[in-house]
Every structure is written in C-alpha cells, then in structure tokens.
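First up is the structure itself, then whatever we jot down about it.
When a residue number appears, it is its place in the shown sequence, counting from 1.
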Amino acid sequence: MLAAPGLSAIAWLWFFLYVYGTPDPSAPYAGQMQNSFAFFPDGFGGLLFDQGFGLVASAPVLILAFGGFFRERRFAAAWFIVATPYLLTVTTFAMWWAGWSAPARFFVPVLLPLAVPTASAWLMIRSRGLRAYALALLVISAWMALVLAAGGGGHLGYHARNEAGMTPAPWLKWAAHVVDLTAAVPAFVPLPVGSGLAARQAAARSGLIIVLPWIVCGGAAAFALHAFARRRLRHHVGLVATTTIIFAVAATVAVSAGWRLQRDDSVATERGQIEALAAAARTEILAVDLTGRRRLTIDELVSRMRIEVHVVPTSRPGSRVNRPLVTLSGIPAGDYRLTVHQHGADGWIMACVGADRDPFALLTEPIANMTEASVLRFPVDVRSLLVRGDEDAARHVDAVVLQPLRILQSDSKPAAGFARRAVRYTGMTAFFMDDRAFPEPNAFWIGGARESDVVLLPDHPRSSQPLLLRNAPVDNVVTLSSGSWREELRMTAEEERRVEVPIDPAHEGVLLRMRSAGGFRPSAADPGSRDTRFLGVYVRVP
C-alpha cells in the first residue's frame with residue numbers, strides 16, 4: 001500500500017530536480033512566497049462556493065457529508081486530522097483555483113472519503129421531505145457533472161482565470177444567454193494578475209455576501225419540503241412535483257437577491273443577439289416585425305441589430321489598464337461597424353481577435369476619429385473579439401457598439417470553425433484557425449513538423465495573394481494547399497521562395513493549409529536565446 005504513494009512522491013520531487021535543478025516544489029515561483037493566512041477567507045470560500053471552481057457549486061450533494069460527520073464522529077476526527085493541515089495549506093495559497101483546471105482541483109485528494117459520511121447522512125434522514133431534498137441535490141450534482149463533461153462541445157469542465165478579473169463560470173454563460181447568471185452566483189477569484197491582498201479581500205467579501213441568500217434559500221427549501229411531506233404529500237408524484245417547484249422558487253429568489261446585492265443589471269442581450277446572427281448565417285431563423293406585422297428578410301434583420309455593451313469606468317488618472325473594455329465571444333463571419341459612446345474625446349480604442357494578452361490589433365483609432373469608416377471584416381467566425389482602451393478611454397467610454405453590416409452565409413466562408421487569432425499585415429489580414437502557427441507583428445511562423453490552417457483576407461479583391469517564405473536553418477519540405485491548388489517546396493537551410501496563392505472569388509478570403517516537415521529551436525541554435533518554440537517556416541507578406 002505504501003509503495004504507490006512513496007514512488008509517486010519520489011517521482012514528483014525528481015520532476016522538479018530534472019526540470020529546475022532542485023527538488024524544491026516552489027522552484028517555479030523563484031522563491032516568492034505564495035501562501036498567507038490573509039488569503040484564507042478568499043481561498044476557503046472559493047474552494048467551496050465559487051461558481052466555476054467551488055466544490056459545493058459543482059456537486060451540492062456533498063453538503064450531506066458535513067451533516068453525516070455528526071453521526072460518524074470517529075471517521076470525522078480521522079478525516080479532519082488529515083484534511084485540516086492540507087486544506088489550510090491550499091486555501092492560503094495565492095492561486096487556490098489551481099490555474100486551468102476542473103472545479104475544486106485542490107480539494108480532490110481528500111474528496112473521495114466524503115462518500116462515507118454522505119451515505120451515513122442518507123441513513124440518518126427519516127423525513128420523506130428531507131430525503132426528497134437529498135435526492136434533488138444528487139440529481140442536480142449528476143446534471144452538473146453531465147453539463148461540465150458534455151455541454152458546450154466538452155469545453156465547460158476546464159477553465160482558467162482571465163485578465164478581466166472575476167472569471168465567470170463557462171457553464172453559466174452556456175446555460176443562460178439573455179440574463180447574466182454569473183452576477184448572481186458567488187465568485188471568489190480576485191481581480192487581474194498582480195492584484196494584492198486588498199483585491200482578494202474584496203473578492204472574499206463579495207463572494208460571501210452572495211453565498212448568504214443561497215444558504216438561506218436552500219435552508220428554506222429543506223424546511224418547506226419537510227413540512228409539506230409530513231402533512232400533505234402522500235404520493236410520490238406529488239412529492240416530485242412539489243420538490244421541483246420548491247427548488248425552482250428557491251433558485252429564483254436566490255438569483256434575484258444576488259442581482260440586488262450586486263446592484264447588477266441582470267439583462268445581457270449581447271449573447272442572444274450574437275447567436276441570432278449566427279443562426280441568420282445558417283438561414284435557421286425566422287424574424288418577424290411585430291410592429292409592422294410582417295416577416296423580415298435576413299438582411300433587414302441584420303441591418304436593425306446593434307450589439308451594445310455598457311462599460312463601467314475602472315481607471316483613475318495615471319493607473320494602468322489591464323482588462324479589456326468589452327469581450328464578445330463567437331462573433332459570426334461578416335462586416336461590423338465599431339463605435340463607442342463616450343463623455344470625452346480623449347483616448348484610443350483597439351479591437352483585437354484572440355486572447356487577453358495578444359498585442360495584435362485589427363483596428364486602432366483615437367476615440368475622436370471613430371466614424372462610419374471603422375469597419376471590421378471577418379471572413380470566418382472568430383472565437384473572441386476584445387475591445388481595449390488606454391487609460392483615457394477607460395475613463396471616458398460609456399458603451400461599445402458593434403453593428404453588423406453584413407453576415408456571411410455558410411457557403412461563402414472559406415473555412416468552418418472559429419479563428420483563434422487575427423493579425424493585420426500590409427495589405428492583408430491573416431486569421432489563424434489553430435494554435436500551430438506563431439503570429440508576429442510583421443510575419444508568422446508555421447510550427448516545425450506541423451500543419452496549420454490560415455485564412456488570408458486581402459484588403460482589396462485580387463486573383464492571388466503573394467507570400468514570401470523563408471525556411472528554417474535546416475533542410476525542409478514545405479507543402480501549401482488551397483482547394484484544388486497544391487505546391488510542394490523542397491527548401492535548403494534559410495532559403496527564400498515567393499509563392500502566389502490563388503483566391504477563389506466565390507469566397508471571402510482564402511483558406512491556406514501549410515505544412516512544414518522539419519524545424520528547429522532557436523534556443524538550441526543560439527545558446528543566448530530563450531525561445532524554445534519548434535519553428536518550421538517563416539511567412540511574410542512582401
């Protein structure tokens with residue numbers, strides 16, 4: 001029994017010795033202290049109740065385990081002797097959510113034994129109403145597990161904190177598109193990277209305040225079920241119906257109380273508008289003008305839509321702005337006009353496609369110059385559109401408006417799926433459909449021994465798009481293909497070739513599939529380089 005954990009511990013320490021030259025697990029943090037008891041309220045509350053990373057939020061049936069401890073006192077003492085020092089360590093850790101992970105990742109090592117007190121709590125319950133309550137918690141937990149594993153194409157189970165601060169749980173965004181459920185459910189993740197103790201204390205206070213109505217409503221639901229089942233409910237059908245109604249009412253009251261406590265506008269129409277545009281691109285939508293009592297065409301529907309997102313000023317003079325003003329996900333392919341509402345003319349606005357830290361802007365304009373000409377063109381669907389601003393814009397912008405001008409039908413797109421990044425080059429914009437290419441300000445690399453899809457969108461219609469390829473400092477075979485066109489280049493070390501990629505006028509842009517058979521690591525070629533990427537071929541727009 002001791003061999004497995006012993007060997008695991010040796011292997012774990014050997015990993016740090018091999019990678020960092022020391023068996024110290026804190027080596028990746030360069031000696032920085034990451035633990036403090038001042039972090040405990042935020043870590044403890046988050047590990048239990050956070051909407052995306054909390055244990056109870058993801059599996060509420062485990063609430064019964066803490067009730068079962070009263071019956072299994074010896075077991076409870078043994079569990080707490082093991083779990084208390086461990087949980088004190090992880091809840092006082094600065095990054096208690098454990099980065100990109102599933103819910104309650106740090107709770108998992110002591111989680112499995114909780115099945116024993118949970119079963120004991122079930123045996124202890126005699127009331128039909130409370131047993132129905134416990135079964136409802138089990139059904140909700142099973143439903144949550146199914147949603148996290150299969151909902152949203154399987155992308156909901158794992159997520160990470162983003163630069164925007166209080167990270168919303170992806171499953172809540174997936175579950176409700178018209179109202180903002182994330183503002184009504186406890187969130188304990190502190191504000192952006194680099195935030196100190198004050199931000200963590202604020203996150204703990206905000207999260208614990210929102211926990212209170214959920215605890216009160218959950219307790220009221222248990223009391224109501226117990227009272228109804230004892231006096232009036234004799235049949236299983238009535239008990240099931242009553243349980244469903246009581247849980248629905250309790251959740252509705254808790255959500256409403258959360259919105260009121262957060263003083264948050266519960267309506268979030270932008271997600272529904274974006275999905276309506278996506279449905280319009282597939283011609284899977286019926287639009288009706290209720291005032292004029294007539295059916296609208298897709299073009300009429302698109303021309304009437306305006307996606308307006310209000311911005312809360314978050315910057316003071318001289319402060320540094322890290323978070324985007326607005327982040328919109330899943331934008332359908334088409335043309336969009338970007339405008340802002342502001343109470344001052346100072347500041348700059350930047351529109352980017354990609355992750356929070358991507359430095360590439362498709363549009364950079366002073367607020368005063370943002371006119372009808374500020375148009376974004378997307379030949380494919382884009383995963384996320386970030387609208388950033390400098391310090392002045394963060395103080396002066398009240399709302400960001402994205403107005404669709406034209407939506408591309410599915411057969412007009414050069415590629416299916418979502419572009420992860422987009423970079424503007426001279427006379428052309430490149431949309432990267434995967435993570436196997438490395439964009440840079442003036443060109444991009446295709447990864448070595450990899451194949452990557454890139455959609456090229458020229459600024460003006462043309463029959464072909466010229467590209468200049470420079471090989472890695474190794475012999476290589478580079479293959480390019482687009483539709484029926486295909487070209488294979490056998491290139492020597494650092495050789496350059498110019499190619500003309502044909503463009504099909506029936507599509508907006510062209511999908512270019514590029515493969516590099518070989519590659520190199522700059523850190524291996526130059527001892528002074530810290531670039532460990534495996535790079536194949538360098539692509540530039542001449």
Measuring from atom CZ of Phe44 to atom CG of Leu87, what distance do you get when rounded to the nearest 0.5 angstrom? 8.0 Å
Measuring only between side-chain heavy atoms, which start at C-beta, is Thr327 closer than 4.5 Å to Pro324? yes
Any heavy-atom pair between the side chains of His396 and Asp346 that's under 4.5 Å? yes
Of all heavy-atom pairs between Ile285 and Ala276, which one has the smallest distance, and what is that distance? CD1-O, 3.8 Å
Between Ser374 and Leu363, does a side-chain contact (heavy atoms from CB on, under 4.5 Å) hold up when you go through it step by step? CA-CA 8 Å; Ser374 302; Leu363 176 69; 4.1 Å; yes
Does Pro60 reach the side chain of Ile140, with side-chain heavy atoms less than 4.5 Å apart? yes
Take the angle between the ring planes of Phe432 and Phe444 and call it parallel below 30°, perpendicular above 60°, tilted in between. perpendicular
When every non-hydrogen atom of Ile307 is compared with those of Gln273, the smallest separation belongs to CA-OE1, 3.6 Å
Within 6.0 Å of OH in Tyr158, more than 12 heavy atoms from elsewhere: no
Looking at Glu270 and Arg306, is any side-chain nitrogen of the basic one under 4.0 Å from a carboxylate oxygen of the acidic one? no
Quick check: closest heavy atoms across Gln465 and Pro458, and the distance to 0.1 Å? OE1-CG, 3.7 Å
Would you check if the side chain of Ser482 reaches a backbone N or O of Leu511 as a donor-acceptor pair within less than 3.5 Å? yes
CA sep, side-chain torsions, deciding dist, call: Phe378, Leu376, side-chain contact (heavy atoms from CB on, under 4.5 Å): CA-CA 7 Å; Phe378 301 142; Leu376 299 169; 3.9 Å; yes
In Å, rounded to the nearest 0.5 Å, how long is the span from OG of Ser516 to OH of Tyr538? 15.0 Å
Charged N to carboxylate O below 4.0 Å: is that the case for Asp299 and Arg406? no
Sub-4.5 Å side-chain heavy-atom contact between Pro213 and Leu261: yes
Closer than 3.5 angstrom, by distance alone: can the side chain of Ser523 be matched with the main-chain N or O of Asp531 as a donor-acceptor pair? yes
Quick one: pull up CD1 in Ile407 and CG in Leu301 and give me the separation to the nearest 0.5 Å. 9.0 Å
Exercise: identify the closest heavy-atom pair between Met305 and Gln403: O-CG, 3.7 Å
Answer yes or no: is there a donor N or O on one side and an acceptor on the other, between the side chain of Gln51 and the main chain of Ala169, under 3.5 Å? yes
Steps toward side-chain contact (heavy atoms from CB on, under 4.5 Å) verdict (Val340, Ile349): CA-CA 9 Å; Val340 297; Ile349 291 293; 4.2 Å; yes
Closer than 3.5 angstrom, by distance alone: can the side chain of Arg377 be matched with the main-chain N or O of Ala333 as a donor-acceptor pair? no
Output yes when a side-chain donor or acceptor of Arg521 lies under 3.5 Å from a complementary backbone atom of Thr532, and no otherwise. yes
Asp398 pairs by side chain to side chain donor-acceptor pair (under 3.5 Å) with which of Gln342, His343, His310? His343
Interatomic spacing from CZ in Arg420 to CZ in Phe431 - rounded to 0.5 Å: 15.5 Å
Is the shortest heavy-atom distance from the side chain of Val255 to the side chain of Trp214 under 4.5 Å? yes
Asp526, CG atom: more than 12 neighbouring heavy atoms under 6.0 Å: yes
Between Trp348 and Ala393, what is the shortest heavy-atom contact and its length? O-CB, 3.4 Å
With side chains defined as the heavy atoms from C-beta onward, is the minimum distance between Leu512 and Leu467 less than 4.5 Å? yes
Sub-4.5 Å side-chain heavy-atom contact between Asp50 and Val189: yes
Kindly confirm or rule out a cation-pi arrangement of Arg424 over Phe360, judged by NZ or CZ under 6.0 Å from the six-membered ring centre and within 45° of its axis? no
How are the rings of Trp97 and Phe53 set relative to one another: parallel (under 30°), tilted (30 to 60°) or perpendicular (over 60°)? tilted
Lys/Arg N to Asp/Glu carboxylate O, Glu440 vs Arg533, below 4.0 Å: yes
Short question: side chain of Ser384, backbone of Gly354 - any donor-acceptor pair under 3.5 Å? yes
Begin from the C-alpha positions of Ile503 and Arg462 and carry the test side-chain contact (heavy atoms from CB on, under 4.5 Å) through to its verdict. CA-CA 7 Å; Ile503 296 179; Arg462 59 177 65 172; 3.8 Å; yes
Distance-only polar pair, side chains of Asp180 and Thr182, donor-acceptor under 3.5 Å: yes
Just by modelled atom types, is the Thr297 backbone N or O under 3.5 Å from a matching donor or acceptor in the Glu300 side chain? yes
What verdict does the salt bridge (charged side-chain N to carboxylate O under 4.0 Å, His left out) test give for Asp289 and Arg304, after you've listed the backbone C-alpha separation in whole Å, the side-chain angles of each residue and the deciding distance to 0.1 Å? CA-CA 11 Å; Asp289 181 354; Arg304 294 186 180 200; 3.3 Å; yes
Measuring from atom CG of Leu55 to atom CZ of Arg105, what distance do you get when rounded to the nearest 0.5 angstrom? 15.5 Å
So, do Leu208 and Ile210 sit near enough that their side-chain heavy atoms are less than 4.5 Å apart? no
When you measure from the side chain of Thr252 to the backbone of Ala248, do you find a donor-acceptor pair of N or O atoms at a distance under 3.5 Å? yes
For the atom pair CG (Asp381) and NZ (Lys413), what is the distance rounded to the nearest 0.5 Å? 3.5 Å
Do the side chains of Asp435 and Arg421 get close enough for a salt bridge, i.e. N-O under 4.0 angstrom? no
For Leu181 versus Ala176, what's the shortest heavy-atom pair and its separation? CD1-CB, 3.6 Å
Heavy-atom donor-acceptor pair, Arg436 side chain to Glu451 backbone, under 3.5 Å: yes
Between Tyr425 and Ala443 (side chain of the first, backbone of the second, donor and acceptor by atom type, cut-off under 3.5 Å), is there such a pair? yes
